[in-house]
Student: 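Structure in structure tokens, see below.
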There are 2 protein chains.
Amino acid sequence: MASDPRPEVSLGRRSPMATTRIVVADRNVITRVGIRSILERNAGMAVVAEATTYDAVIDAVDEHGPDIMIIDLDLGDDTTRGLSLCEEISDRYPATKILVLANTLSELIVIEALRRGANGYLCKNDLKSDELINGVKAIQDGDTVLGRGVGSLVAKGLGSTRDKTEHLTDRELDVIRAISRGLSNKQIAHEMFISESTVKFHIQNASKKLNSHRRAELVHRASAAGLIT
Amino acid sequence: MASDPRPEVSLGRRSPMATTRIVVADRNVITRVGIRSILERNAGMAVVAEATTYDAVIDAVDEHGPDIMIIDLDLGDDTTRGLSLCEEISDRYPATKILVLANTLSELIVIEALRRGANGYLCKNDLKSDELINGVKAIQDGDTVLGRGVGSLVAKGLGSTRDKTEHLTDRELDVIRAISRGLSNKQIAHEMFISESTVKFHIQNASKKLNSHRRAELVHRASAAGLIT
DNA sequence: TTTGCCCCTATCCAAACGGCTAGGTGGGCA
DNA sequence: TGCCCACCTAGCCGTTTGGATAGGGGCAAA
């Protein structure tokens with residue numbers, strides 16, 4: 001809990017004696033405790049609050065105005081809300097840097113997160129302790145940090161996917177979710193009160209965006225991207 | 001690679017009142033550190049080793065013969081190997097209890113894990129610290145522990161799904177993976193050196209087992225069950 | 001006001017799919 | 001030895017798709 005004040009070297013560019021105040025948002029205790037332990041082994045970092053829901057994140061930031069916000073986008077059942085959260089925080093508290101700490105690596109999400117104000121994106125899997133610590137430091141220094149694999153993924157997709165990816169629209173997502181439940185176009189049309197043609201239209205558009213040619217692939221990609229559950 | 005930066009306490013031989021010796025297997029440092037912190041806040045529990053790969057788990061168990069093995073099935077890219085691991089450990093070291101600590105809640109995986117020798121299944125999401133600690137204690141006492149939500153899920157599925165679920169066979173999984181890549185039956189047939197009929201055959205069988213009627217749904221269910229990535 | 005996006009609809013056709021029945025092979029286990 | 005099971009193949013038929021093309025209406029930002 002209490003950070004042990006080990007006199008570490010490299011106070012770097014930051015002003016001496018300044019503690020980096022961090023808020024951690026993750027629905028998973030184990031992860032929260034883990035992050036806290038790793039960071040607080042490091043002089044000058046203190047986790048001042050933990051949050052487990054979207055609303056709690058807002059409250060925590062309001063209350064503590066932290067230097068860094070470490071957040072797992074997947075707090076509830078909807079990653080999209082996590083993204084909005086990035087936007088809201090970076091709008092209202094430009095001084096608070098945001099580090100996304102994700103379970104999965106998805107190009108779509110990375111790009112969206114960065115567009116909405118995230119300053120870094122690390123993937124929990126195979127992350128090393130010092131990568132986390134250095135990432136936090138770098139972000140505080142104003143850098144943008146993309147973890148191993150993340151950077152290349154984004155770079156690779158910048159030319160090709162980025163322009164056409166953007167978002168899937170709400171209707172497109174609805175349709176994909178319906179497809180994942182095994183419904184036919186006719187059934188989806190009936191359920192959504194639209195014509196079968198429209199269903200096909202949405203599917204075609206979503207397919208172009210996710211670069212797939214079969215509904216099964218579409219579902220898989222959307223699923224892998226965390227867009228559907 | 002280099003494991004934890006904290007010095008381990010070696011306690012010599014196990015005395016009657018000895019500590020519970022625990023091995024933690026998870027590819028995620030944050031999680032490993034978190035589990036260690038939570039457990040070691042508790043007198044009488046010591047994490048004696050950490051492992052990040054399937055092979056390392058075997059080595060660790062060989063070397064330490066722990067009382068409890070806490071494992072995330074999803075160590076590599078193949079959950080199935082995690083399941084085999086449960087089987088191997090519980091065969092070779094019946095005294096070592098196995099607690100599965102999963103990211104996702106999947107009926108199929110829970111049942112498989114239990115059948116293969118796991119003594120408990122907790123879901124990391126929304127898990128509380130004391131649930132973890134109490135779970136470990138209960139398992140050491142010989143109980144089987146199913147976390148909140150897990151138990152009811154299994155119970156609900158016992159009559160319906162269990163008999164027909166069984167396993168998907170290797171070929172069935174191969175086919176599903178191919179489908180998720182957007183391949184047509186013809187393409188899959190070509191890729192797997194079998195006839196289109198056979199592809200359809202595997203799909204039909206897999207569909208019955210996962211109770212789906214459309215390949216898109218099949219992919220989604222397999223994906224949700226962690227059977228494909 | 002123009003532009004752009006999202007949403008909706010339509011029709012056409014070849015290809016793919018699902019659901020079925022009815023077989024054949026080889027390995028492992030009782 | 002016989003049975004079970006994973007695996008493989010075949011053909012049929014109606015339905016569902018993918019892909020393309022060609023529109024119209026509404027709403028908001030530029």
Side-chain angles (χ1 to χ4, degrees), chain A residues 80 87 91 108 111-112 115-116 161-222 227, chain B residues 80 83-84 87 108 112 115 162-222 227:
Chain A
T80 313
E87 201 162 17
D91 277 356
L108 267 64
I111 292 175
E112 266 307 292
R115 286 209 316 184
R116 304 224 194 172
T161 330
R162 189 200 180 190
D163 7 345
K164 54 185 175 184
T165 289
E166 301 295 324
H167 309 286
L168 294 184
T169 68
D170 291 341
R171 297 302 258 176
E172 284 160 1
L173 274 177
D174 289 341
V175 170
I176 294 177
R177 275 188 271 261
I179 293 177
S180 78
R181 287 163 44 214
L183 302 187
S184 72
N185 292 344
K186 190 179 293 183
Q187 291 172 310
I188 297 170
H190 183 258
E191 194 173 277
M192 290 177 64
F193 303 106
I194 56 181
S195 89
E196 209 176 323
S197 308
T198 309
V199 175
K200 295 181 74 172
F201 175 82
H202 288 311
I203 295 175
Q204 301 254 348
N205 288 333
S207 296
K208 282 170 195 156
K209 291 179 186 174
L210 293 190
N211 194 33
S212 58
H213 303 270
R214 288 265 195 307
R215 46 176 48 210
E217 189 184 13
L218 184 62
V219 165
H220 186 235
R221 296 203 181 215
L227 298 170
Chain B
T80 314
L83 291 169
S84 317
E87 201 162 19
L108 267 65
E112 266 305 293
R115 286 208 316 185
R162 190 199 178 192
D163 8 343
K164 53 185 173 183
T165 289
E166 301 293 327
H167 307 286
L168 295 183
T169 67
D170 292 340
R171 296 302 259 177
E172 284 160 1
L173 275 177
D174 289 341
V175 171
I176 294 177
R177 275 187 271 260
I179 292 176
S180 77
R181 287 164 42 214
L183 302 186
S184 72
N185 291 346
K186 189 179 292 183
Q187 291 172 309
I188 298 171
H190 184 258
E191 193 174 278
M192 290 177 65
F193 303 105
I194 56 181
S195 87
E196 209 175 322
S197 308
T198 309
V199 175
K200 294 179 77 169
F201 174 83
H202 288 311
I203 295 175
Q204 299 258 342
N205 288 332
S207 296
K208 282 171 194 156
K209 291 180 187 175
L210 292 190
N211 196 34
S212 57
H213 303 271
R214 288 270 198 303
R215 50 177 43 209
E217 188 184 13
L218 184 62
V219 164
H220 186 235
R221 296 205 180 212
L227 298 171

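Chain A is the first sequence line, chain B the second, and so forth, proteins listed ahead of strands; every chain is numbered from 1.
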Student: Answer yes when A/E196 and A/K200 have at least one side-chain N-carboxylate O distance shorter than 4.0 Å, and no when they do not.
Tutor: no

Student: Please state how far atom CG in A/N185 lies from atom C1' in C/dC8, giving the value in whole angstrom units.
Tutor: 15 Å

Student: Nearest-nucleotide wise, let me know which of B/I203 and A/V199 is further upstream toward the 5' end of DNA chain C.
Tutor: A/V199

Student: Would you mind reporting whether A/V199 and A/M192 have side-chain heavy atoms less than 4.5 Å apart?
Tutor: no

Student: Of the listed nucleotides (C/dC17, C/dC6, D/dT16), which one gets closest to any side-chain atom of A/K209?
Tutor: C/dC6

Student: Looking only at the side chain of B/H213 (C-beta and beyond, no hydrogens), which of the listed nucleotides D/dC8, C/dG18, D/dT17 gets closest?
Tutor: C/dG18

Student: Considering only C/dC8, D/dC7, C/dC17, which nucleotide approaches the side chain of B/R171 most closely?
Tutor: D/dC7

Student: Return the nearest nucleotide to the side chain of B/T169; candidates are D/dT17, D/dC7, D/dT9.
Tutor: D/dC7

Student: I need the CD-P distance between A/E217 and D/dG18, as an integer number of Å.
Tutor: 11 Å

Student: Closest approach to the side chain of A/S197, judged atom by atom: which nucleotide of C/dA10, D/dT16, D/dG18 is it?
Tutor: C/dA10

Student: Does CG in B/D170 sit with more than 12 non-hydrogen atoms of other residues, nucleotides or ligands closer than 6.0 Å?
Tutor: no

Student: I need the NZ-P distance between B/K186 and D/dT9, as an integer number of Å.
Tutor: 16 Å

Student: Can you check the B/L218 CG to C/dG18 C1' distance for me, whole Å?
Tutor: 12 Å

Student: Output the single nucleotide from C/dA16, C/dG19, D/dC7 whose closest atom is nearest the side chain of B/R214.
Tutor: C/dG19

Student: Respond yes when some side-chain nitrogen or oxygen of A/T198 is under 4.0 Å from OP1 or OP2 of C/dT9, and no when none is.
Tutor: yes

Student: If each of B/M192 and A/K200 is mapped to the nucleotide of DNA chain D with the nearest heavy atom, which maps nearer the 5' terminus, i.e. the 5' end?
Tutor: B/M192

Student: Using whole Å, report how far CD of B/E172 lies from P of D/dC8.
Tutor: 10 Å

Student: Going by heavy atoms in the side chains, are A/R215 and A/N185 under 4.5 Å from each other?
Tutor: yes

Student: Ignoring hydrogens and angles, tell me if any N or O in the side chain of B/Q204 forms a donor-acceptor pair with the backbone of B/F201 under 3.5 Å.
Tutor: no

Student: I want to verify a distance call: between C/dT9, D/dA10, C/dA16, whose nearest atom is closest to the B/S195 side chain?
Tutor: D/dA10

Student: Give the nucleotide from the list D/dG19, C/dA16, D/dC7 with an atom nearest to the side chain of B/F201.
Tutor: D/dC7

Student: How long is the line joining CD1 of A/I179 and P of C/dG18, in whole Å?
Tutor: 13 Å

Student: Separation of B/I194 atom CD1 from C/dT25 atom C1', in whole Å?
Tutor: 15 Å

Student: Would you mind reading off the distance between A/Q204 atom CD and C/dC8 atom P, rounded to a whole angstrom?
Tutor: 16 Å

